[in-house]
Amino acid sequence: MKIFNTLSRRKEEFVPLEDGKVRMYVCGPTVYNLIHIGNARPMIVFDTVRRYMEYKGYEVNYVSNFTDVDDKIIKKAIEEGVSAQEISERYIDECKKDMEGMNILPATTHPKATEEIQGMIDMIQTLIDKGYAYAAEDGTVYFRVKNFKEYGKLSHKNLDDLQSGFRALKVSGEEQKEDELDFVLWKPKKEGEPYWESPWCEGRPGWHIECSVMSKKYLGEQIDIHAGGEDLIFPHHENEIAQSECCNGKIFAKYWMHNAFLNIDNKKMSKSLGNFRTVREISQQYDLQVLRFFMLSAHYRSPLNFSADLMEASKNALERIRECAGRLQDKKQANQEPLSQEEKELLEKAGAYVTKFEEAMDDDFNTADAIAAVFELVKFSNTNVKEDSSGAFADGLLEILKKLCDVLGIITEKKEEMLDKEIEDLIEERQEARKAKNFARADEIRDELLKKGILLKDTREGVKWQRV
């Protein structure tokens with residue numbers, strides 16, 4: 001299995017720190033509003049990485065945090081006249097609903113920043129004691145960037161270039177820094193903000209220190225994989241490396257994985273452009289399985305463009321998989337004959353699609369090619385499962401299809417959906433008309449149902465319907 005490591009900028013063979021186990025940390029959302037589809041991409045991508053690791057037999061300790069203290073949370077709380085805790089708890093609950101809709105497995109641990117403050121204070125004190133951090137007169141604690149000689153190794157940024165860039169963007173109130181590059185570990189409280197006691201002042205942690213502390217507590221001083229969106233490479237992940245390695249004296253993470261940006265209709269998503277889309281909004285138009293399928297239709301390191309046309313294409317593609325699974329399920333139940341010799345040989349041939357799938361996933365989790373292997377299996381199944389095929393043959397193919405789709409987090413079963421009695425009565429009337437060879441009336445009912453958004457399909461296993 002090969003992983004593209006942002007640190008080395010090349011694919012590397014995956015070798016875990018501990019045989020059979022994977023320690024993985026993924027930066028989670030800041031919970032001040034409903035999550036947007038940009039948040040959804042890393043959630044889906046790295047959930048799929050985790051699923052494939054487990055498929056390969058690894059025991060995965062998967063940690064993904066919630067940032068529940070932040071300027072945006074505080075701003076929202078002031079606007080609504082409630083506490084920051086009320087805002088963060090509300091949107092953690094909403095985030096979990098959306099994650100469930102996208103079939104994202106719960107993390108082994110979902111730590112919250114506000115519950116790990118003492119650990120942050122302890123790490124900051126260690127950094128001060130080692131000479132990597134210092135407290136200013138007002139109680140702000142800064143990290144000394146130039147004391148960490150490897151700063152910039154993840155983002156591949158040059159310190160001198162960074163220095164000149166920071167001079168151009170000089171922020172007032174930062175005169176107390178020893179150097180423009182130094183970043184905040186702890187900051188004093190402001191009026192109306194939540195705060196905690198510390199040796200330096202009443203205040204709250206900087207954003208970067210949170211993940212270093214939570215990763216260390218729940219995964220240890222060294223981890224296998226640290227992941228997130230490419231927007232986090234600098235400064236967030238760069239700063240995490242500096243904090244963690246200076247504090248612990250060890251390499252922080254062996255592999256760094258980052259997904260590329262998501263655009264909307266070929267433009268960057270932003271509220272000012274009016275193209276900001278939440279996962280909840282998408283759920284009102286589509287089954288969130290469609291969103292998941294769409295996110296996995298491109299390699300995670302490739303930029304992805306969200307559009308109505310591409311979502312419709314994903315919806316139709318997902319429907320093809322589910323129709324195949326439904327047909328195999330019907331055949332499995334309808335015919336209890338054992339496997340014939342020919343069917344045994346065909347099932348062995350179907351194993352080639354599992355191999356293709358695994359080869360794609362082993363090559364830096366190429367879900368686009370993995371999905372292509374799934375569709376080859378669908379085509380193979382549709383071609384080889386015939387009227388007289390055994391239920392055991394259909395069952396064998398169905399198990400392979402489900403196994404591969406489960407790695408992708410794709411649910412092959414359609415949601416059971418109730419039809420209005422009027423619709424059901426029309427379908428029943430059409431069946432009776434067909435039996436009576438009144439095909440004119442049967443076609444009339446079919447057209448009437450189509451106008452109501454119900455498409456009928458006459459199959460060997462009986463009449464099937466879907467919404468259009």
Side-chain angles (χ1 to χ4, degrees), residues 47-48 50-58 102-105 287-290 292-293 296-297 314-362 367-419 427 431 455-467:
D47 175 69
T48 305
R50 173 211 186 153
R51 285 171 178 268
Y52 188 63
M53 290 287 190
E54 290 177 343
Y55 169 85
K56 296 282 277 189
Y58 289 105
M102 294 183 289
N103 198 23
I104 292 166
L105 298 172
D287 177 349
L288 287 180
Q289 278 278 290
V290 175
R292 183 174 186 117
F293 187 95
L296 297 178
S297 64
S314 295
K315 178 183 174 183
N316 294 335
L318 180 59
E319 187 63 29
R320 279 179 59 204
I321 294 173
R322 288 179 167 174
E323 281 182 356
C324 176
R327 183 165 171 256
L328 292 174
Q329 181 69 33
D330 290 343
K331 178 59 71 176
K332 168 188 170 181
Q333 295 171 340
N335 184 334
Q336 300 304 311
E337 292 294 318
L339 280 170
S340 67
Q341 183 57 39
E342 181 188 2
E343 288 173 338
K344 286 180 183 177
E345 292 171 3
L346 284 169
L347 269 183
E348 285 179 13
K349 285 184 180 179
Y353 304 116
V354 177
T355 302
K356 279 189 176 183
F357 180 93
E358 291 178 353
E359 286 174 350
M361 293 298 285
D362 282 341
T367 54
D369 285 357
I371 287 172
V374 170
F375 276 113
E376 287 185 46
L377 175 62
V378 166
K379 183 179 179 181
F380 179 86
S381 300
N382 290 340
T383 301
N384 290 288
V385 176
K386 301 183 172 70
E387 189 78 44
D388 58 349
S389 294
S390 71
F393 180 48
D395 188 29
L397 290 172
L398 181 60
E399 286 306 305
I400 296 171
L401 181 61
K402 281 185 171 181
K403 178 173 72 171
L404 301 187
C405 285
D406 187 58
V407 172
L408 300 172
I410 298 299
I411 299 168
T412 55
E413 296 85 5
K414 289 185 181 181
K415 289 181 182 177
E416 286 296 323
E417 191 174 358
M418 299 298 290
L419 289 173
I427 292 174
Q431 291 297 88
L455 174 65
L456 297 185
K457 292 185 179 180
D458 296 308
T459 72
R460 289 179 296 207
E461 289 77 31
V463 66
K464 306 287 184 184
W465 65 270
Q466 70 182 70
R467 294 196 184 275

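- For the atom pair CG (Asp395) and CD (Gln336), the distance works out to 9.0 Å, reported to the nearest 0.5 Å.
- Checked against side chain to side chain donor-acceptor pair (under 3.5 Å), Lys344 has no partners two or more places apart in sequence or in another chain.
- The closest donor-acceptor contact from the side chain of Asp47 to the backbone of Ile104 lies at 3.5 Å or more, if one exists at all.
- With a 4.5 Å cut-off on side-chain heavy atoms, Lys331 and Leu397 do not count as touching.
- Between the Arg320 side chain and the Val378 main chain, no donor and acceptor come within less than 3.5 Å of each other.
- Rounding to the nearest 0.5 angstrom, the gap separating the CG atom in Leu408 from the OG atom in Ser297 is 11.0 Å.
- Residues passing the side chain to side chain donor-acceptor pair (under 3.5 Å) test with Thr48 are Arg292, sequence neighbours excluded.
- The number of heavy atoms from other shown groups lying within 6.0 Å of CD (Glu399) is above 12.
- Residues Leu377 and Ala350 approach most closely at CD1-CB, 4.3 Å, considering heavy atoms.
- To the nearest 0.5 Å, atom OH of residue Tyr58 and atom OH of residue Tyr52 are 10.0 Å apart.
- For the pair Gln289 (side chain) and Ile411 (backbone), a donor-acceptor distance under 3.5 Å is present.
- To the nearest 0.5 angstrom, Arg50 atom CZ is 5.0 Å from Glu54 atom CD.
- Not a single ring-ring contact (aromatic ring centres under 6.0 Å, His included) links Phe293 to another residue, sequence neighbours left out.
- Side chain of Asn384 to backbone of Phe380: a donor-acceptor contact under 3.5 angstrom is found.
- Side-chain contact between Asn382 and Arg327 is present, with heavy atoms from C-beta onward closer than 4.5 Å.
- For the pair Glu343 and Ser390, the tightest heavy-atom approach, listed with the atom from each and the gap, is OE1-OG, 2.7 Å.
- Note that CZ of Phe393 and CG of Leu398 are 12.0 Å apart. Values are rounded to the nearest 0.5 Å.
- Within the model, atoms CG of Asp369 and CZ of Phe357 stand 11.0 Å from one another, a figure rounded to the nearest 0.5 Å.
- Minimum interatomic distance between Ile371 and Leu296 (heavy atoms only, all atoms of both residues): CD1-O, 3.5 Å.
- Residues Gln333 and Gln329 share a closest heavy-atom pair of NE2-NE2, 2.9 Å.
- Not counting sequence neighbours, the partners of Glu358 by the side chain to side chain donor-acceptor pair (under 3.5 Å) test are Tyr55.
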Please table the atom pairs, donor to acceptor, closer than 3.5 Å between any side-chain atom in residues 400-407 and protein atoms at least two apart or in another chain.
from, atom 1, to, atom 2, distance (Å)
Lys402, NZ, Glu413, OE2, 3.2

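- In this structure Lys56 satisfies the side chain to side chain donor-acceptor pair (under 3.5 Å) test together with Asp362, sequence neighbours excluded.
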